[in-house]
Chemist: 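Below you'll find the structure I mean.
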Amino acid sequence: PYTPLFRSSLKLPQREADEKLRALIEQRARALLERLGPTSDVSRRAAVAVGLAIQRGTVVDLGAVAKTLDLSARALQRRLAAEGRTFRALVDDARRELAKQHLADPGQSLAQVALLLGFSEQAAFHRAFVRWTGVTPGQFRHAAFAARRRTSASTS
């Protein structure tokens, strides 16, 4: 839970801020938002908060995301429901898009990707990915690498 002191400290400038890391996180958040399609300001802000929480490895729950948006959990639920969205769908969308990005990195094992996305085990990630995309993480990775090879071969 965020305390008022913690909230105020979030606004302080960081002496050791990593500008490259900030730019990378913002770039990934923007890419995620573009893939999510048109949404309201609340949905968009909630999606960013969910994506950043996943990337930071923090617990993604309705209450924490609502607090980052200065809303109660119930108010966030109501606003999302008014748009026909659910918090669970936001989390799934963010995880799916981040999974695709991580799977495109050959340096990360499937177990590492599952862990980065907050899954308790690789099997749970596997089932979720198949539900989201209709293909296994391994099949997706293979297709992504094949597409990359075709693209690099055609530009050479």
Chemist: Just how far is it from atom CD of Glu97 to atom CD1 of Ile54, taken to the nearest 0.5 Å?
Modeler: 11.0 Å
Chemist: May I ask you to test the Pro137-Val113 pair for a side-chain heavy-atom distance under 4.5 Å?
Modeler: no
Chemist: Looking at Thr68, Leu62, Leu90, which one forms a side-chain contact (heavy atoms from CB on, under 4.5 Å) with Leu76?
Modeler: Leu62
Chemist: So do the side chains of Arg131 and Asp92 get within less than 4.5 Å of each other, counting heavy atoms only?
Modeler: yes
Chemist: If I take atom CG from residue Leu110 and atom CZ from residue Phe125, how far apart are they, to the nearest 0.5 angstrom?
Modeler: 6.5 Å
Chemist: Side chains of Gln108 and Leu103, heavy atoms from C-beta outward: is any pair under 4.5 Å?
Modeler: no
Chemist: Mind listing the closest non-hydrogen atom pair of Phe145 and Ala104 along with its distance?
Modeler: CE2-O, 3.5 Å
Chemist: Find the distance between OG (Ser72) and CD (Gln77) and round it off to the nearest 0.5 Å.
Modeler: 8.5 Å
Chemist: Do NZ/NE/NH1/NH2 and the carboxylate oxygens of Arg96 and Asp93 come within less than 4.0 Å?
Modeler: yes
Chemist: Over all heavy atoms of both residues, which pair between Ala53 and Val60 is shortest? Give the atoms and the distance, please.
Modeler: CB-CG2, 3.8 Å
Chemist: With a 4.5 Å cut-off on side-chain heavy-atom distances among I, L, V, M, F, W and Y, is there a chain of contacts connecting Leu52 to Leu116?
Modeler: no
Chemist: Side-chain contact test, heavy atoms from C-beta onward, threshold under 4.5 Å: evaluate it for Phe140 versus Lys100 and give yes or no.
Modeler: yes
Chemist: First locate atom OG of Ser43, then atom CD of Glu83, and finally report the distance between them rounded to the nearest 0.5 Å.
Modeler: 3.0 Å
Chemist: Report yes if some heavy atom in the side chain of Phe129 is under 4.5 Å from a heavy atom in the side chain of Leu117; otherwise report no.
Modeler: no
Chemist: Would you say that His102 contacts Asp105 through its side chain, given a criterion of any heavy-atom pair below 4.5 Å between the two side chains?
Modeler: no
Chemist: Cation-pi check, Arg95 to Phe119: give yes when NZ or CZ is under 6.0 Å from the six-membered ring centre and within 45° of the ring axis, no otherwise.
Modeler: yes
Chemist: Using 0.5 Å steps for rounding, measure from the CZ atom of Arg79 to the CG atom of Asp41.
Modeler: 9.0 Å
Chemist: Is there a chain of hydrophobic side chains (I, L, V, M, F, W, Y, each step under 4.5 Å between heavy atoms) that links Leu98 to Val135?
Modeler: yes
Chemist: According to a 4.5 Å side-chain heavy-atom criterion applied to Ile, Leu, Val, Met, Phe, Trp and Tyr, with indirect links allowed, do Trp132 and Phe87 form part of one hydrophobic cluster?
Modeler: yes
Chemist: Tell me the closest heavy-atom pair linking Ala73 and Gly63, and the distance in Å.
Modeler: CB-CA, 4.3 Å
